[in-house]
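Counting from 1, the numbers follow the sequence of the chain as shown.
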Amino acid sequence: QVQVVDSGGGSVQAGGSLRLSCVASGNIDSYCMGWYRQVPGNEREGIATFPQDGSARYADSVKGRFTISKDGAKNSLYLQMINLKPEDTAMYSCAVYSHSWGKCTWPPIQWGQGTQVTVSS
């Protein structure tokens with residue numbers, strides 16, 4: 001039902017920063033939200049999640065460098081990325097999922113179209 005649009009990707013040099021945005025058509029406070037990334041040929045990797053009533057969780061590979069946040073008034077989810085590394089190069093997508101018994105449920109009910117992040121050495 002809810003639609004999301006990803007943006008903010010681009011090409012940066014190693015050590016640079018980017019801020020990704022995910023704008024939803026509905027109230028994001030009603031859902032679990034998260035960011036995923038995928039390199040062609042590899043499995044999709046969950047990098048940051050924001051449960052409806054919980055604290056943000058991060059993959060070890062991005063912990064300390066990426067920060068997930070949201071703005072309910074703007075129905076927007078963000079991913080602030082600093083100290084980017086070449087291995088961060090991937091297609092990044094926002095995901096929306098429902099929740100049950102205090103846990104976010106898989107699979108997501110909606111995905112953003114993806115925004116490309118390319119980090120050069």
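To the nearest 0.5 angstrom, S93 atom OG is 7.0 Å from R44 atom CZ. Summarising the geometry, atom CE belonging to M33 is positioned 7.5 Å from atom CD1 belonging to I68; distances are rounded to the nearest 0.5 Å. L79 CG to C22 SG: the interatomic distance, rounded to the nearest 0.5 Å, is 10.5 Å. Note: M81 CE to W35 CH2 = 8.0 Å, rounded to the nearest 0.5 Å. Remark: R65 CZ to K85 NZ distance equals 4.5 Å, nearest 0.5 Å. Expressed to the nearest 0.5 Å, how far OG1 of T118 lies from CG of L84 amounts to 10.5 Å.
Stacking of K70 on the aromatic ring of Y78 is not recorded, the 6.0 Å distance cut-off and the 45° axial limit not both being met.
The same ILVMFWY cluster, assembled from side-chain heavy atoms under 4.5 Å apart, contains both V4 and I109. M91 and Y36 are assigned to two separate hydrophobic clusters, defined by single-linkage of ILVMFWY side chains at heavy-atom distances under 4.5 Å. One hydrophobic cluster holds both L18 and Y58 under the rule that ILVMFWY side chains link at heavy-atom gaps under 4.5 Å.
No side-chain heavy atom of I28 sits less than 4.5 Å from a side-chain heavy atom of K74. V117 is not listed as a side-chain neighbour of R37, based on a closest heavy-atom distance of 4.5 Å or more.
Between Q38 and A90, the closest heavy-atom pair is O-CB, 3.7 Å. Contact between S121 and A14 at its shortest, heavy atoms only, is CA-CB, 4.5 Å. Residues G34 and Y97 approach most closely at CA-OH, 4.0 Å, considering heavy atoms.
A donor-acceptor distance shorter than 3.5 angstrom exists from the side chain of S25 to the backbone of Q3, with no hydrogens or angles considered. The closest donor-acceptor contact from the side chain of D6 to the backbone of C94 lies under 3.5 Å. With T115 contributing its side chain and G9 its backbone, the two residues share a donor-acceptor pair below 3.5 Å. Between the side chain of Q110 and the backbone N or O of V2, at least one donor-acceptor pair lies under 3.5 Å.
The local environment of CD in E87 is crowded, with over 12 non-hydrogen atoms from other residues, nucleotides or ligands closer than 6.0 Å. Applying the 6.0 Å contact sphere to CZ of R57 captures no more than 12 heavy atoms from other residues, nucleotides or ligands.
Judged as a side chain to side chain donor-acceptor pair (under 3.5 Å), and not counting sequence neighbours, N75 has no contacts.
When only modelled atom types and interatomic distance are considered, S7 and S21 share no side-chain donor-acceptor pair under 3.5 Å. No hydrogens or angles considered: a donor-acceptor pair under 3.5 Å links the side chains of S61 and E45.
F66 and Y92 have tilted rings, their planes meeting at an angle from 30° to 60° on a 0 to 90° scale. Between W106 and W111, the ring-plane angle classifies as perpendicular under the 30° and 60° cut-offs.
With salt bridges taken as basic N to acidic carboxylate O contacts below 4.0 Å, one links D60 and K63.
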